[in-house]
Amino acid sequence: MMKFNLTLRTRIYLSLLAMILVCFVVTGLLSFYDHLEHSAEFNQARLQRKEEAVEKSMEYILSQKGDSVPADSINFLFSDEICELSDVHDLFIALYDLRGRYIMSSDFMEKDSLGIADQVKYSALKQLSTGTQRTVIDSSFTHSNKSLVYWYLEDTAGKPLLITNVVYEDLEPTHVIDFLAELGFIYLALFVLAALVAYFLSRYITRSLATIGRRMQMVELGRKNDLLEWKSDDEIGALITQYNRMIGELEKSAGQLAQTERESAWREMAQQVAHEIKNPLTPMKLRVQHLQRSWKDSPNDFDNKLELFERSMTEQIDALSHIASEFSSFAKMPKPNLVLLDLVKLADSVVALNQGGKHSIILRTYHLPDSMVMADKDQTIRMLNNLITNAMQAIPADQHGVIDVAIRGTKHGTLLRVSDNGVGISSGERNKIFVPNFTTKSTGMGLGLAMVKNIMNHSGGAVWFWSREGKGASFYLRFAKG
């Protein structure tokens, strides 16, 4: 099932559009029903006016004939006037006697086309006779937009004389269509305008949040991070206040952590150095004491013992000097002097220097259009010597070692690999391989690979390794292109 992750800005924008659309639909429906109600009231009032006008006209005709008009003279009385009344009021008019029988109409052809019966329905006659309604509308009349209306025409004495029937045409449909067209056009224009307003409003709301997000992405430990400013005392202002407070606490905690790490690192380094120095001091002390006893016990053979003592002390002093050199090299790593180097030429000289032992060292190149890299020459020689030495020491004494030094070009830079067929690196040691003071050998301070990583990081390169326990290990150095 596909899942869409919408941004906060998009969700706000869509929510505003949905709210606007709902408001428009509700307002449109209310306006539509209100218009229908007003249209019904308008048609009812118009029908009443038409009815009153026709009725007054017919009453006027009756008044010209005197106080009372016989029923049998109705046909003669209105035969000429009914067409004139129809033209004046723009209505179809029909007359019926009090029993609902057809007498005459303004247009007998229109009567037939409208399907008006010659007999008024009993239900209409009953409503008129009971007097519950002054006018009766025939609900069974099915012609669109037209209503069939009946009422009594009374003489001057108020006595029903005949039944008047008119066909009234409603004006509602045309008005409704025009109203909906105008309302739809207005709502469309308003919706487009509201969509633009919602777009800019969502941008305004999320702009400050986006700024905070970008600044949070730029937060780094160990450097000064700028604080944010917000003039309004609102929810975003409270968020920025918390952000600034967090930055202050983070910098304070980072400083304390860095200080603690430095103290811990130097404490561990001091313990390691003290341990390494203490190891040769003990046999040196014993040798001095033994020399003193030899001088007292056998002074004649003292020259030979003094020579052995000198040789032993020289070896121990050289070991102490090596420990001091390693510690100095790691603690005082100079800033790399990056220059253009021919990596193949430099690696060839290091490999040649380490040849001659019981292990085979091979140098190969692959897909290398350009062997020039940006690196520090002395530090690069130190790294290669360290990796080759580690590879030799990882090979068991009873096994012929093969150390493969390969250089190839990649799209990210020049890659140098030092591989061996030694014992490899166990899974428990892999996370510690570049940690200072960690070593799998019985000698050394465990600073070699830490120094390699330090050099590559400062020169803009990278270092990593691959190993399979019992099958050997490969260390990779990626140099920036020259």
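Both backbone and side-chain heavy atoms feed into the values below; hydrogens, waters and symmetry mates do not.
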* Result of checking Thr414, Leu416, Leu368 against Val344 for side-chain contact (heavy atoms from CB on, under 4.5 Å) -> Leu368
* Please tell me if the side chains of Phe92 and Ile116 come closer than 4.5 Å, counting only heavy atoms from C-beta onward. => yes
* To do: List the steps and the verdict of side-chain contact (heavy atoms from CB on, under 4.5 Å) for Leu190 and Ile20.
  => CA-CA 10 Å; Leu190 288 176; Ile20 293 170; over 6 Å; no
* To do: Assess whether side-chain contact (heavy atoms from CB on, under 4.5 Å) is satisfied between Val463 and Met383, documenting all intermediate values.
  => CA-CA 11 Å; Val463 58; Met383 287 191 299; over 6 Å; no
* Heavy-atom check, side chain of Ile407 versus side chain of Leu363, under 4.5 Å -> yes
* Between the main-chain N or O of Lys358 and the side-chain N or O of His400, is there a donor-acceptor pair closer than 3.5 Å? -> yes
* To do: Return yes if some donor-acceptor pair links the side-chain N/O of Asn454 with the main-chain N/O of Ala450 below 3.5 Å, else return no.
  => no
* Please lay out, stage by stage, how Met372 and Asp342 fare under the test side-chain contact (heavy atoms from CB on, under 4.5 Å). => CA-CA 5 Å; Met372 304 302 292; Asp342 189 331; 3.9 Å; yes
* Taking the side chain from Asp420 and the backbone from Ile403, do they hold a donor-acceptor pair closer than 3.5 Å? -> no
* **Under 3.5 Å: donor-acceptor pair, side chain of Ser474, backbone of Phe465** => no
* Regarding Gln242 and Arg245, is there a side-chain donor-to-acceptor distance under 3.5 Å anywhere? -> yes
* **Reported CD1-to-CD distance for the pair Ile388 and Gln355, which is rounded to 0.5 angstrom** => 8.5 Å
* Under 3.5 Å, is there a donor-acceptor pair between the side chain of Gln399 and the main chain of Gly422? -> no
* Looking at side-chain heavy atoms only, is the closest gap between Leu449 and Leu387 below 4.5 Å? -> yes
* For Ser419, does its backbone N or O pair with a side-chain atom of Asp404 as donor and acceptor, under 3.5 Å? -> no
* Does Arg430 reach the main-chain N or O of Ser467 with its side chain, forming a donor-acceptor pair under 3.5 Å? -> yes
* To do: Would you check, one step at a time, whether the test side-chain contact (heavy atoms from CB on, under 4.5 Å) holds for Leu340 with Met374?
  => CA-CA 5 Å; Leu340 276 176; Met374 292 295 297; 3.7 Å; yes
* State which residue, out of Thr365, Asp348, Val373, fulfils the side-chain contact (heavy atoms from CB on, under 4.5 Å) condition with Leu343. => Val373
* Is the backbone of Gly424 close enough, under 3.5 Å, to the side chain of Arg468 for a donor and an acceptor to pair up by distance? -> no
* Taking C-beta and beyond as the side chain, do Met392 and Asn354 meet within less than 4.5 Å on heavy atoms? -> yes
* Asked: Taking all non-hydrogen atoms of both residues, which atom of Gly401 and which atom of Asn421 are closest, and how far apart?
  -> CA-OD1, 3.5 Å
* Check: Leu477 and Thr380 side chains under 4.5 Å, non-hydrogen atoms -> no
* Could you give the distance from CZ (Arg408) to CG (Leu415), rounded to the nearest 0.5 Å? -> 7.5 Å
* **Side chains of Tyr476 and Arg478, donor plus acceptor under 3.5 Å** => no
* To do: Please examine the side chains of His359 and Val402, heavy atoms only from C-beta on, and report whether any two atoms are closer than 4.5 Å.
  => no
* Under 6.0 Å from the NZ atom of Lys345, do we count more than 12 heavy atoms belonging to anything else shown? -> no
